[in-house]
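Remarks on the structure that follows.
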Amino acid sequence: MTNEIKKELTGKEVAAAIMADALARSEKLAAAGHRPTLAVFRIGERPDDVFYEGSIKRHCERAAIDCRCTTLPADVAESEFAELLRSAATNPEIDGIFFFSPLPKTFDEPTLRELIPAAKDVDCLSKASAAAVFCGDESGFAPCTPSAVMEMLRYYQVPLAGKRAVVIGRSLVVGKPLAMLLLAANATVTICHSRTENLAAVCRDADVLLAAVGKARMVTADFVSENQTVIDVGVNADPENPGKMCGDVDYANVLPKVAACTPVPGGVGLVTTATLCRHVIEAAERAAK
Ligand code: NAP
């Protein structure tokens, strides 16, 4: 941790700090007789899901979390999947439940999400968990990506109370919950989206600008001003470098102009899976109480 804000806010050291804390707490729980456990369900072989699952497994191993992965064929019956979720929900050995979304199109995903009890909903898949985030109720878990952003801001001691935070993006998985977490940290929050007028001017006015759009390098130097902290949540295929990825922020041109900015890759994405581990540990600690 540093006392002054660094210009390039990388995710590696934030993730390392979260993982070290998770391991220490996990070992304490294990010594008291309970090994923190995450149940992961994957349907089919979507490459993004397989890649993320690998990352989850590696992180869980490092945090001494028992990661129980169940892979189901793409044509699995909805009733069979529902039964597995019900079983995990009532199994006292399991602290957290996670499945890769979207589920097959024929599944009633909203109903299946509600089978995860709030206490085990470590990535905020159910409406009840989402509602808790909007109510400022900290007994559940916010989605891992917005939580990871808040971890980054905390770690780098970016002031939020009384500051203007502008979030670009209003999805349920990133933009909206992120806005609620920033509000809970006493920021003055503006949410922008595809219909926002004078977007660049609104963004320039922010103390903290957070981009969760899904458009490669859309946030250009024209969107930012000096003294700003810019957080890039975007993960996009890089149109200029096939096979590579880039963020929503035109990093090369934005970084010189602002106080601090997160890179992509190497920023928020690195912290997201570590945050999932932290949520599993927290779920296990709460269950132990
Ligand atoms: P999403 O559901 O597609 O939402 C995108 C949001 O951006 C929408 O609210 C949309 O506005 C807004 N938007 C689109 N074009 C815009 C424009 N020209 N000007 C202003 N706003 C615009 O995407 P998401 O799931 O929230 O993900 C956002 C990004 O975060 C993606 O790049 C995704 O890959 C990344 N992501 C990263 C992580 C991580 O761990 N780092 C995790 C999840 C997602 P409307 O609502 O008006 O359509």
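Counting starts at 1 for both ligands and their atoms, in listed order.
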Out of Cys144, Ser171, Gly11, indicate the one that has the non-hydrogen atom closest to atom 2 (O) of ligand 1. Ser171

How far is atom 21 (N) of ligand 1 from its nearest protein heavy atom, and which residue and atom name does that atom have? His193 C, 3.1 Å

Do the charged groups of Asp121 and Arg113 touch, with an N to O distance under 4.0 Å? no

So, Ser147 and Arg278: side-chain donor and acceptor under 3.5 Å apart, yes or no? no

With a 3.5 Å cut-off and no angle check, do the side chains of Asp137 and Ser139 form a donor-acceptor pair? yes

Only one of Arg68, Arg35, His34 passes side-chain hydrogen bond (donor to acceptor under 3.5 Å, both in side chains) with Glu93, and that residue is Arg68

Measuring from atom 44 (C) of ligand 1, which candidate in Val174, Val264, Val149, Leu172 has the nearest non-hydrogen atom? Val174

Option of least heavy-atom distance to atom 13 (N) of ligand 1 (set: Leu270, Val213, Thr273, Leu199): Val213

Out of all atoms in ligand 1, which are within 4.0 Å of some heavy atom of Ile168? Include the element for each. 20 (C), 21 (N)

Among non-hydrogen protein atoms, atom 29 (C) of ligand 1 lies closest to Gly214 N, 3.7 Å

Measuring from atom 25 (O) of ligand 1, which candidate in Val219, Val173, Thr275, Asn236 has the nearest non-hydrogen atom? Val173

Is the shortest distance from a heavy atom of Ala212 to ligand 1 less than 4.0 Å? yes

Any salt bridge between Arg86 and Glu83, counting N to O under 4.0 Å? yes

Salt-bridge present (Asp248, Lys215; N to O < 4.0 Å): no

Please indicate whether Lys257 has more than 12 foreign heavy atoms, meaning atoms of other residues, nucleotides or ligands, lying under 6.0 Å from its NZ. yes

Pair Glu151-Thr275, side-chain donor/acceptor within less than 3.5 Å: no

Using a strict threshold of under 4.0 Å (side-chain N to carboxylate O), is an ion pair present between Lys57 and Glu53? yes

Subset of ligand 1 atoms that lie under 4.0 Å from at least one heavy atom of Gly169: 6 (C), 7 (O), 9 (O)

Output the list of atoms in ligand 1 that are nearer than 4.0 Å to some heavy atom of Arg170, sorted by atom number. 8 (C), 9 (O), 45 (P), 46 (O), 47 (O)

Just distances here: any N/O of Ser194 and N/O of ligand 1 closer than 3.5 Å? yes

Ligand 1 versus Thr272, non-hydrogen atoms closer than 4.0 Å: side chain, backbone, both, neither? side chain

Around atom 17 (C) of ligand 1, find the nearest protein heavy atom and jot down its residue, atom name and distance. Met218 SD, 3.7 Å

Considering only non-hydrogen protein atoms, determine which one is nearest to atom 15 (N) of ligand 1 and report residue, atom name and distance to 0.1 Å. Lys215 NZ, 3.0 Å

Val233: numbered ligand 1 atoms lying under 4.0 Å from its heavy atoms: 30 (O), 35 (C), 36 (N), 37 (C), 41 (N)

Using heavy-atom distances, let me know which of Thr196, Asp248, Val235 sits nearest atom 34 (O) of ligand 1. Val235

Using a strict cut-off of 4.0 Å, indicate which atoms of ligand 1 neighbour a heavy atom of Thr145. 38 (C), 39 (C), 40 (O), 42 (C), 43 (C)

